[in-house]
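Below you will find the structure I want to go over with you.
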There are 2 protein chains.
Amino acid sequence: MKNEFHFRPIGVVCSPYKEKFAVPRQPNLVKQAKGIIQLYSEYSDPNAVKGLSGFSHIWLQFVFDQVPDNKWQASVRPPRLGGNDKIGVFASRSPFRPNPIGLSVVELKSVDIGKEQISLHIQGLDLVDGTPILDIKPYVEYVDSIQNTAAGFVNGKPEQINNVTFTPLALDFLRRFSRDFDYEFELIKQVLSQDPRPAYKKHKVDDKTYSVLLLDYDVKFNVLFSEQNQTTAAIQVSQIVNVAKV
Amino acid sequence: MKNEFHFRPIGVVCSPYKEKFAVPRQPNLVKQAKGIIQLYSEYSDPNAVKGLSGFSHIWLQFVFDQVPDNKWQASVRPPRLGGNDKIGVFASRSPFRPNPIGLSVVELKSVDIGKEQISLHIQGLDLVDGTPILDIKPYVEYVDSIQNTAAGFVNGKPEQINNVTFTPLALDFLRRFSRDFDYEFELIKQVLSQDPRPAYKKHKVDDKTYSVLLLDYDVKFNVLFSEQNQTTAAIQVSQIVNVAKV
């Protein structure tokens, strides 16, 4: 048996998530997030995507290319367990795997066949900008959708912080510089509602200002007590800075 | 960006399907089929599978290692379309992909932690014996199970031939040589009910005797008219030969 296999990316993801920090931990947690898969020229053959637009969802098999080589770990601390308990890497979806191959199902909005390049417009992605794509497969419900499964330590969707607000200055900035205010406002809110801080800070308030590269912005935020309920955290966007390449 | 990624198998599948012919075209079509994933020693660390047995289903990412190198095709003829119409490779699950990576969800029956090796007992697999496994991930229902999807040319499960019978001689052979008659009898029936012949023969009767390597046997079968209904095919197992390595 061969003991090594070589794979080449078929394309690359353009994503609003410009860095690992704050990327949702699963697809479709931030349904709003729009992205594009650009197929490389060798694979931008209209025949290769014939019939694909008939599918509402697709599987992406991709490379966790921001994990340093040989950094797999037998045990990981999933965010779901607050970063305290350890679980086996094969019982998790941690990127620190023996083979850093990721798996995501995303919504397929359209297939754009250009003269030079084929682009797939997708929604609900959880991939960092620039992620190499190894394969695209149709989501087939009778095969892939299994109900009443046992899912170990995972119980439904993770909690969200629903109270995400903007300071007047941050909101004003976004109004002036956004190309699509409603989309960008909602996306920032949805991403932050996942509480992107390290897992051990879950349910805790701290006085640090965090910074996340999202869309063309550096979005700075703080985690506060909510006024109504001292045990529930709220997130406030305190500043937005344009970092788009000019 | 790196333009090539190297992956090493973490383990190998032991499967009742000893050759490509007659392997079900999706997982869980032959629910009966039992297999084992044997993790290689480097990955047979009990820590790496901690918590895994809490999941009823797992994803396998594997290599279609029986596809010759560089044999990808932009267009494929899926069996679902009778092998007549072409569809894009990315709209199909054909093994002839740019990167021959497969994806299957299977039932996880047990995790066996031996002194030297960890084995995962699985059911409903659709993998050829000896398939290299690249990754194992838990099936997480709130992420992976999507309902009311659009699935292009795929409409539910493929048709089956329900009328699979054995000649008295074949049945007698199986009774004498099987280690677990009920399991082996049911498995042979379920595999053949998928009509493993080439797609263009679907709904057609022919006078050829087919042969499939399954379990420890060479199972020979014919496709016949059913007596009740001339338009419905029936499959008859005509001979079973033991091919187990002695």
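The sequence lines fix the lettering, A, B, ..., with proteins before strands; numbering per chain opens at 1.
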Please identify, among A:D144, A:D85, A:L29, the residue contributing the most non-hydrogen atom pairs under 4.5 Å to chain B. A:D144
Which heavy-atom pair separates B:E4 from A:P9 by the least distance, and what is that distance?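 Closest approach of B:E4 to A:P9: N-CD, 4.4 Å.
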What's the shortest heavy-atom distance between A:A91 and B:P138, and which atoms? O-CG, 3.4 Å
Looking at NZ of A:K137 and CD1 of B:I101, how far apart are the two atoms once the value is rounded to the nearest 0.5 Å?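 One gets 6.5 Å once the value is rounded to the nearest 0.5 Å.
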Does any heavy atom of chain A fall under 4.5 Å from the side chain of B:N155, the backbone, both, or neither of them?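 Nothing of B:N155, per the 4.5 Å heavy-atom cut-off to chain A.
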Return the option, out of B:V143, B:V89, B:V154, B:D135, with the maximum number of heavy-atom pairs under 4.5 Å with chain A.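 Answer, by heavy-atom pair count under 4.5 Å with chain A: B:D135.
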If you tally heavy-atom pairs under 4.5 Å between each of B:W59, B:Y139, B:Y142 and chain A, the highest tally belongs to B:Y142
Determine yes or no for a side-chain-to-main-chain donor-acceptor pair under 3.5 angstrom, with B:R8 supplying the side chain and A:P98 the backbone. no
Looking at CG of A:N99 and CZ of B:F5, how far apart are the two atoms once the value is rounded to the nearest 0.5 Å? 12.5 Å
Quick check: does any side chain N or O of B:R97 sit under 3.5 Å from a backbone N or O of A:L134, one acting as donor and the other as acceptor? no
Find the distance between CD1 (A:I146) and NE2 (B:H57) and round it off to the nearest 0.5 Å. 4.0 Å
Chain B interface, residue from A:L103, A:V76, A:I87, A:N28 that has the most non-hydrogen pairs under 4.5 Å: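 Greatest number of close heavy-atom pairs with chain B: A:L103.
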Contact part of A:Q147 toward chain B, heavy-atom cut-off under 4.5 Å: side chain, backbone, both or neither?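 A:Q147 touches chain B through backbone and side-chain heavy atoms alike.
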Hey, what do you get for CD (A:Q73) to CG (B:N47), rounding to the nearest 0.5 Å?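 CG of B:N47 is found 11.5 Å from CD of A:Q73.
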Which atoms of B:S94 approach chain A - backbone, side chain, both or neither, heavy atom under 4.5 Å: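 Contact with chain A is absent: no heavy atom of B:S94 under 4.5 Å.
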For the residue pair B:Y43 and A:W72, does the interplanar ring angle fall in the parallel (under 30°), tilted (30 to 60°) or perpendicular (over 60°) class?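 The arrangement is tilted - the two ring planes meet at 30° to 60°.
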Return yes when atom NZ of A:K201 has more than 12 non-hydrogen atoms of other residues, nucleotides or ligands closer than 6.0 Å, and no otherwise. yes
Give the C-alpha distance, both sets of side-chain angles, the deciding distance and a yes or no for side chain to side chain contact (heavy atoms under 4.5 Å, CB included) between A:R93 and B:V140. CA-CA 10 Å; A:R93 301 210 175 185; B:V140 176; 4.1 Å; yes
Quick check on the structure: residues of residues 104-126 of chain B within a heavy-atom distance below 4.5 Å of chain A, by number.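 Counting heavy atoms that sit under 4.5 Å from chain A, the residues of residues 104-126 of chain B involved are B:V105.
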How about CD on A:E159, more than 12 heavy atoms from neighbouring residues, nucleotides or ligands closer than 6.0 Å, or not?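 Atom CD in A:E159 is not packed in, count stays at 12 or less.
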I'd like to know which of B:P100, B:P27, B:S92 tops the heavy-atom pair count under 4.5 Å against chain A. B:S92
Is it the backbone or the side chain of A:D45 that comes under 4.5 Å from a heavy atom of chain B, or both, or neither? side chain
Sub-4.5 Å heavy-atom contacts with chain B: which residues of residues 49-56 of chain A show up? A:V49, A:K50, A:G51, A:L52, A:G54, A:F55, A:S56
